[in-house]
Amino acid sequence: MNNAKVRVRFAPSPTGPLHMGGVRTALYNYLFAKQQGGDFILRIEDTDQTRFVPGAEEYIIDSLKWCGISPDEGQGVGGDFGPYRQSERKAMYRQYAQQLVDNGHAYYAFDTAEDLERVRQLAKDAGSPNWQYNHVTRNSMKNSLSLSQSEVQKRIDSGEPYVIRIKLNRNEEVKFEDIVRGWVSVNTNNMDDKVLFKSDGMPTYHLANIVDDHLMQISHVIRGEEWLPSAPLHILLYRYLGWEDSMPQFAHLPLLLKPDGNGKLSKRDGDRLGFPVFPLEWHNKESGEVFSGYRENGYFPEAFINMLAFLGWNPGTAQELFSLEELTEAFSLKKVNKAGARYDHDKTRWFNQQYLRLKSDEELGRLLSAEAQKAGHDIDQAKAAAIAALMKERAYFIKDLWEDSEFFFQAPTEYDEKTLRKKWNQDARNHVSQLHQIFEMLSSFTPEDVEGSFKAYLEENGLGFGKVGPGFRLAVTGKGMGPSMFEICAILGKEETLSRLKLALEKLP
RNA sequence: GGCCCCUUCGUCUAUCGGUUAGGACGCCAGGUUUUCAUCCUGGAAAGAGGAGUUCGAUUCUCCUAGGGGCUGCCA
C-alpha cells in the first residue's frame, strides 16, 4: 500500500447523533485525505440492526456538510465502491467468514447468549471478572473445535443458530506500527476469539470493517483510541484473509475528555455543564429529549472546526486561526498528540469571537439584519453594517450583536435600573434638556458634529464628561454602557435622537 | 481484576539532551476608553514521584503512582 492513492474513510454507526469527537475524527480524516490528494469516504456501519436510530444517518451527513467536510465518496454521495451502507453489503461478508473457517482460522460456535452469560457469571463468582472465549476455554464450549464433525453438521443442518469466531493461536505476539503511537504489541493470550459473524447473518464490526476497508481500497485507518485494543485482531484478520500486503496503515487518535472530572466526553456532559456536544441540535424522538447543537447556539462552522482541529493536534507554530484550507495544508498525523484532550468551552467561545471579528462589516450587517427581521424590524444594509462595525468588538455571537444593538431598532422601553439610580437626577435632566436644544440647532449630524457640540456644551459650563455622559447615554439607549454616544447618535439620526431625549424627559423621574 | 495506551502551567499545547521551559484560553493587576468591550503592558501559573544512562535530562530506559480506553452475537 505504499504507492497507492490515499483513501480514508469515516465510518460512524447510525445509532444516534454524531458527537463532536466523531466530527473531529471525520475532520482529521478529511484533512489528511485532502492534503494527500486522496479521497474521503463516508461509510455507514449499521451492522447492529437492533441499534438503528431513524434520522441518525441523515444527521451525520448534515453535520459533515455544515462543517464543510463533505465526503468525496460514500453514503449520500455515491462512488465506485458502493454500496456504502453495510446493511446493504450483507451478502458480501459471509464468504469471507467461510473462507476463514475453511482455512482453519475460524470456527462455528453454537453457544447461546444465555450459555455465555452463565459461564461469565460463574467465572465472576469465582473471582475472575475477565472470562474469555479463547484457546483455553473453547474446548469446553459448544463449537466446531470441541464437537465432532458429524455433530456440527447435524446442528447446522437442523438450522440451529451459530456464530463464527476467529481462532487465535496461543502465545503469539501481534505487532503493528501506529502512525501516532509507534509500535504497539499485544499477545494473543490476552485476546479472545471474537465473534466475526453473528447468528442473525450479519458480520460484526470486526469482520465488516476489514472486508470493507479492503474492498474499498482504504489506505489509512484513522479512528479513535477506543479501537486500539482491537487493532491487533484486525491485523490478524488481514493476515488470515491474505490481505496483509495491502493492509492500511493505522492511526489511533486521542480521545476527547470531559472538561471536568474523568472520562471521555459523553452526550450527557453538554447539558450538565452548559455547552453543546453535538454539531447540530438533535431531537430524540422516543424520549422527547433535545440535545443542543453548536450551529443552533450561534457558532460559526469555521470556529467549531478550528477548535476541534486543535484538540489533539497543533502545527507547532504560534498561529491559531486556520481556515479549512490552511488546516489542510498544515495538518500532519505525526503531530497528533497521544494523550486525551480535555474540552475547553471558553476556548471555543474565543474562537467564535475571533471568527466574528474576521467577518466584514457588510457580512455582519447582513447577519444582524436577519436577526432584526426575526424580531420584526426592517433595516437597510448600510445602516446594519454601520451598527455591526460599531458593536462587533464586544460580541462573541451574532445574537450578542443583536441583543447589544436592539436599541438602534427601537427606543428604550425600559432604562437600566442601576444607572437610573446612580446617575439620573435633576442635573442630568437639565443636561439632557439642554442637549436637546443644542442638537436641535445642528444642521449636520455626523459623529463629529455631535461630539463637537456636546463638548462645547461641557466646556461652556465647566462640566466633566462624567457629569453628562451617563445620563445622556441612558436617555438615548436606556443603557449604562456601550460604544461612543456620538457614533450612536449619528446612526440614529437627528430626529430619532431628539425624540429619545424628549421621551426620556417625559418618562424618567 | 486483566490487557493496552497515556502523563509539561487550571485547560489546549511548544520543546526533536544543554532554553530565564515558549505560546494560546482563562484568571489577576496596570494603562487607554465618559462607561462597557476592544486594545496595549505586566503578573501568577507546569515537566507526577523515584531510580538509571549521560559531563548534562522535561527530552532516553526502567519502576511506582495517577489518568484513560478496552474487556458484548455494540460500534
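All heavy atoms count here, side chains included; hydrogens, waters and symmetry mates do not. Here the structure is a predicted model, which is why all the values come from computation and not from measurement. Letters go in sequence order (proteins before strands), and every chain restarts at 1.
- B:G18 and B:C36 have their C1' atoms separated by 49 Å, given to the nearest Å.
- Residue-to-nucleotide proximity on RNA chain B shows that, of A:Gly127 and A:Arg394, the 5′-proximal contact is made by A:Gly127.
- Judged as a ring-ring contact (aromatic ring centres under 6.0 Å, His included), and not counting sequence neighbours, the contacts of A:Trp131 are A:Tyr133.
- Evaluation of the salt bridge (charged side-chain N to carboxylate O under 4.0 Å, His left out) rule for A:Arg165 yields no partner, not counting sequence neighbours.
- Not a single donor-acceptor pair, N or O on each side, falls under 3.5 Å between the base of B:U38 and the side chain of A:Arg357.
- Taking the P atom of each, B:G22 and B:A75 are spaced 48 Å apart, rounded to whole Å.
- In this structure, CG of A:Leu356 is placed 13 Å from P of B:U38, rounded to the nearest angstrom.
- Proximity note for A:Glu393 (side chain, C-beta onward) versus B:A24, B:C3, B:U38: the nearest is B:U38.
- For the C1' atoms, the distance linking B:U41 with B:U33 amounts to 16 Å, nearest Å.
- A search for side-chain hydrogen bond (donor to acceptor under 3.5 Å, both in side chains) contacts involving A:Asp449 returns A:Ser444, A:Thr446, not counting sequence neighbours.
- As rounded to the nearest Å, B:G52 and B:U58 have P atoms that lie 14 Å from one another.
- Across all strands shown, B:C3 forms a Watson-Crick or G-U wobble pair, both distances under 3.5 Å, with B:G69.
- The pair A:Asp400-A:Arg394 does not count as a salt bridge, with every side-chain nitrogen at least 4.0 angstrom from each carboxylate oxygen.
- The nearest whole Å value for the distance from the NZ atom in A:Lys338 to the P atom in B:U8 is 13 Å.
- Of all the residues in residues 450-459 of chain A, not one reaches under 4.0 Å from RNA chain B with any non-hydrogen atom.
- Between A:Arg43 and A:Glu45, at least one side-chain N (NZ, or NE/NH1/NH2) sits under 4.0 Å from a carboxylate O, which counts as a salt bridge.
- Comparing B:U11, B:C36, B:U7 by their closest approach to the side chain of A:Arg342 singles out B:U11.
- Ring-centre distance between A:Tyr343 and A:Phe275: below the 6.0 Å cut-off.
- A:Gly312 comes within contact range of the sugar-phosphate backbone alone, with a heavy-atom separation under 4.0 Å but no base atom that close.
- Within the shown strands, nothing qualifies as a pairing partner of B:U38 under the Watson-Crick or G-U definition with both distances less than 3.5 Å.
- Separating the CZ atom of A:Phe465 from the P atom of B:U32 is a distance of 16 Å, rounded to the nearest angstrom.
- Residues passing the ring-ring contact (aromatic ring centres under 6.0 Å, His included) test with A:Phe331, sequence neighbours excluded: A:Tyr28, A:Trp313.
- Screening residues 221-235 of chain A for side chain to side chain donor-acceptor pair (under 3.5 Å) gives A:Tyr205-A:Arg223, A:His206-A:His234, A:Arg223-A:His234, A:Arg223-A:His252 as the qualifying pairs, with residues at least two apart or on separate chains.
- Of the candidates B:A37, B:C3, B:C25, the closest approach to any side-chain atom of A:Asp344 belongs to B:C25.
- The salt bridge (charged side-chain N to carboxylate O under 4.0 Å, His left out) check on A:Arg170 picks up nothing, with sequence neighbours excluded.
- Distances shorter than 4.0 Å separate some side-chain N or O of A:Asn337 from OP1 or OP2 on B:A14.
- Of the nucleotides present, B:C55 is the one that pairs with B:G18 by Watson-Crick or G-U wobble criteria, both distances under 3.5 Å.
- With respect to A:Glu403 and A:Lys399, no salt bridge is recorded, no charged nitrogen being found less than 4.0 Å from a carboxylate O.
- Here A:Asp48 pairs with A:Arg51 under the salt bridge (charged side-chain N to carboxylate O under 4.0 Å, His left out) rule; sequence neighbours left out.
- For the pair A:His345 NE2 and B:G10 C1', the computed distance is 17 Å after rounding to whole Å.
- Base pairing of B:U11 is made with B:A24, judged by Watson-Crick or G-U wobble geometry with both donor-acceptor distances under 3.5 Å.
- Using atom P as the reference point in both B:A57 and B:U38, the two lie 45 Å apart (nearest Å).
- Base contact: A:Met485 has a heavy atom under 4.0 Å from a base atom.
- Nucleotides B:A37 and B:G31 are separated by 16 Å at their C1' atoms, to the nearest Å.
- In this structure, A:Trp350 forms no aromatic stack with the base of B:C25, since the conditions of centre separation below 5.5 Å and plane angle below 30° are not both met.
- Residues passing the ring-ring contact (aromatic ring centres under 6.0 Å, His included) test with A:Tyr108, sequence neighbours excluded: A:Tyr162.
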Got a list of protein N/O to nucleotides 69-75 of chain B N/O distances below 3.5 Å?
{"residue": "B:G69", "atom": "OP1", "partner": "A:Lys264", "partner atom": "N", "Å": "3.2"}
{"residue": "B:C70", "atom": "OP1", "partner": "A:Lys264", "partner atom": "NZ", "Å": "3.4"}
{"residue": "B:U71", "atom": "O2'", "partner": "A:Asn130", "partner atom": "OD1", "Å": "3.1"}
{"residue": "B:C73", "atom": "OP2", "partner": "A:Arg165", "partner atom": "NH2", "Å": "3.4"}
{"residue": "B:C73", "atom": "O2", "partner": "A:Ser199", "partner atom": "N", "Å": "2.8"}
{"residue": "B:C73", "atom": "O2", "partner": "A:Ser199", "partner atom": "OG", "Å": "2.8"}
{"residue": "B:C73", "atom": "N3", "partner": "A:Ser199", "partner atom": "OG", "Å": "3.0"}
{"residue": "B:C73", "atom": "N4", "partner": "A:Asp111", "partner atom": "O", "Å": "3.0"}
{"residue": "B:C74", "atom": "OP2", "partner": "A:Lys198", "partner atom": "NZ", "Å": "3.0"}
{"residue": "B:C74", "atom": "O2'", "partner": "A:Asp48", "partner atom": "OD2", "Å": "3.1"}
{"residue": "B:C74", "atom": "O2'", "partner": "A:Arg51", "partner atom": "NE", "Å": "3.3"}
{"residue": "B:C74", "atom": "O2'", "partner": "A:Arg51", "partner atom": "NH2", "Å": "3.4"}
{"residue": "B:C74", "atom": "O2", "partner": "A:Arg51", "partner atom": "NH2", "Å": "3.1"}
{"residue": "B:A75", "atom": "OP1", "partner": "A:Thr47", "partner atom": "OG1", "Å": "2.6"}
{"residue": "B:A75", "atom": "OP1", "partner": "A:Lys198", "partner atom": "NZ", "Å": "3.2"}
{"residue": "B:A75", "atom": "OP2", "partner": "A:Tyr205", "partner atom": "N", "Å": "3.1"}
{"residue": "B:A75", "atom": "O3'", "partner": "A:Glu45", "partner atom": "OE1", "Å": "3.4"}

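- Spacing of C1' atoms, B:G67 relative to B:C74, comes out at 25 Å, to the nearest Å.
- One interatomic measurement links the two molecules: CD1 of A:Ile179 to P of B:C5, which rounds to 17 Å at whole-angstrom precision.
- At whole-Å resolution of the value, CZ in A:Phe250 and C1' in B:C5 are 16 Å apart.
- The main-chain N or O of A:Leu474 is never found under 3.5 Å from a side-chain atom of A:Lys479 such that the two would form a donor-acceptor pair.
- When the P atom is compared between B:G50 and B:C9, the two are found 16 Å apart, to the nearest whole Å.
- For A:Asn314 and B:A14, the shortest distance from a side-chain N or O to OP1 or OP2 is below 4.0 Å.
- Computed from coordinates, the A:Lys347 NZ to B:G26 C1' distance equals 9 Å when rounded to whole Å.
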Nucleotides 44-46 of chain B: which of its N/O atoms have a protein N/O under 3.5 Å away?
none

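- Rounded to a whole Å, the CD atom of A:Glu173 is 12 Å from the C1' atom of B:C3.
- With sequence neighbours excluded, the residues forming a salt bridge (charged side-chain N to carboxylate O under 4.0 Å, His left out) with A:Arg118 are A:Asp115, listed by chain and number.
- B:A46 makes up no base pair with any nucleotide shown, lacking Watson-Crick or G-U wobble contacts both under 3.5 Å.
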